[in-house]
Amino acid sequence: MSQQIQAVRGMNDLLPEQTGLWRHVERVLRAVFEGHGYREVRLPLVEKTELFRRSIGEVTDIVEKEMYSFEDLNKESLSLRPEGTAGCVRAGIEHGFLHNQTPRLWYLGAMFRHERPQKGRYRQFHQAGVETYGMTGPDIDAELIAMSAALWRSLGVTGLQLQINSLGTVAARHAYREKLVEYFKQYETQLDEDSRRRLLTNPLRILDSKNPDLKSLIEGAPRLLEHLDEESRTHFDRLKNLLAACGVEFVVNERLVRGLDYYTKTVFEWVTDQLGAQGTVCAGGRYDGLVEQLGGKATPAVGFALGMERLLALLEVQGSQSLEDTPHVYLILVGESAERAGLSLAATLRGQIPGLRLLMNCGGGSFKAQFKRADKSGAEIALVLGDEELEKGAVGVKFLRADRPQQQQPVEQVAALLREAVSNGS
RNA sequence: GUGGACGUAGCUCAGUUGGUUAGAGUCCCAGAUUGUGAUUCUGGUUGUCGUGGGUUCGAGUCCCAUCGUCCACCCCA
């Protein structure tokens, strides 16, 4: 035991009990994305470290202390991706699919951040994200947000609240940021340690402080929405109208600030109070400056990412059922000749009945032992092939969970019974 | 990175003020029923007590370190 190798901290194994629900969610995500005309991209897990420094921001926690970075053999610094947007923009510039085009893209995959693990926060975690480019107006912002709402509907998730805000254009945001720093600097001695640090890293974040002592100070601070430029204000107002028009409920949260440097104008989060401290299930916004910042031609962009682990946790607390993956049938084989005949019988049945999940006994065992395994497998039906059946050219059929008599039938009629079982079940 | 709680069979957990050979349930295997599961009965396997040090005649129990899990801060999906 002392020599046992454990998984890396914060990196979890997903076992068969969980993968059913994961596949269900993945299927729904794909269907909704594709239903909105979004197309899938699969991007590398590793990028040059420089990409993340330039996109996420030098002084963010992610870049400063949470990246898994290492030196490649050619001495270049590489990093496991901490988020998906940067790589997507990089790929867009590299393959020229942003220039004068309006792609809508989605992806699903693992991200890596070296944080202290906690409920809903892991070092390897999975995000499903969408990114769209080349569209300036609030209509695409609204479509994207409405699409996320459609996801929750399709998945049957409830209790998520949509919060939206506008950070303004890059220029407006910087101007406001300076005003805010100026304001808080006057009261620096009253700030707590965290907020004094935020003064340098992300002053907008101070507005979101959980410290009750700062409440009155924060309330006296300059208001972000009052410092919006005209263009951003109009954009935000039109977005709110569009959301209302398609029946997506939202609340404006003036303190909503995303941690990544590249956001502009629209930002939004879907939050829940059912997951403890990590209540943000999905978040995103507009990032009109990033493509240019990374060397492409100026291109507006909007996107969001949702945390798979958090979404799955929410589904679990709300009692979502895992996708059915128990076998319909367990094939019992006793004796050498039955074992020989079993493989092709199993193949025949699987070929004749689409969707059939047939589990064939392997590893021998008495009738009793095999029936035990059949029961444990969860199968509805046990098929029995022994010397007796082989002689008659039949297969025994026993219903493990229904009150129906056991019978012996030729293969063709067994197939009909199984077809019935498949269509009754899932 | 900071603070707190916790690590005992595969799983869920007991284990007294430190005292012989560490327990229960469950799971698994076999038998009762030589071709029939889930119920019942009988028997059986399962552990470097997270790891490494220390205190002690003696440590699952006390102390230190370390690894891990969980919760919160911070941060974020």
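Chain naming here is simple, since letters A, B, ... match the order of the sequence lines and numbering starts at 1 in each.
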Look through every strand shown and name the nucleotide pairing with [N] as Watson-Crick or G-U wobble, where both distances are under 3.5 Å.
N: B:G37; result: none
N: B:G23; result: B:C13
N: B:C29; result: B:G43
N: B:A77; result: none
N: B:C70; result: B:G4

*Could you work out the separation of B:G19 and B:U66 based on their P atoms and round it to a whole Å?*
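Roughly 29 Å separates the two P atoms.
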_Interatomic distance at C1', B:G50 relative to B:C67, whole Å_ =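 That atom pair is separated by 8 Å.
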*Begin from the C-alpha positions of A:H36 and A:W106 and carry the test ring-ring contact (aromatic ring centres under 6.0 Å, His included) through to its verdict.*
CA-CA 11 Å; A:H36 287 73; A:W106 70 273; over 10 Å; no
*Nearest-neighbour nucleotide for the A:K376 side chain, B:C27, B:C75, B:C70 considered*: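 Of all the options, the side chain of A:K376 is nearest to B:C27.
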*For the side chain of A:T280, starting at C-beta, report the closest nucleotide among B:C76, B:G37, B:C74.*
B:C76
*Is the Lys NZ or Arg CZ of A:K398 less than 6.0 Å from the centre of A:Y330's six-membered ring, within 45° of the axis?*
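Because its charged atom misses either the 6.0 Å distance or the 45° angle limit, A:K398 does not stack over A:Y330.
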*Rounded to whole angstroms, how far apart are CD on A:Q278 and P on B:A77?*
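Checked: the CD to P distance equals 11 Å.
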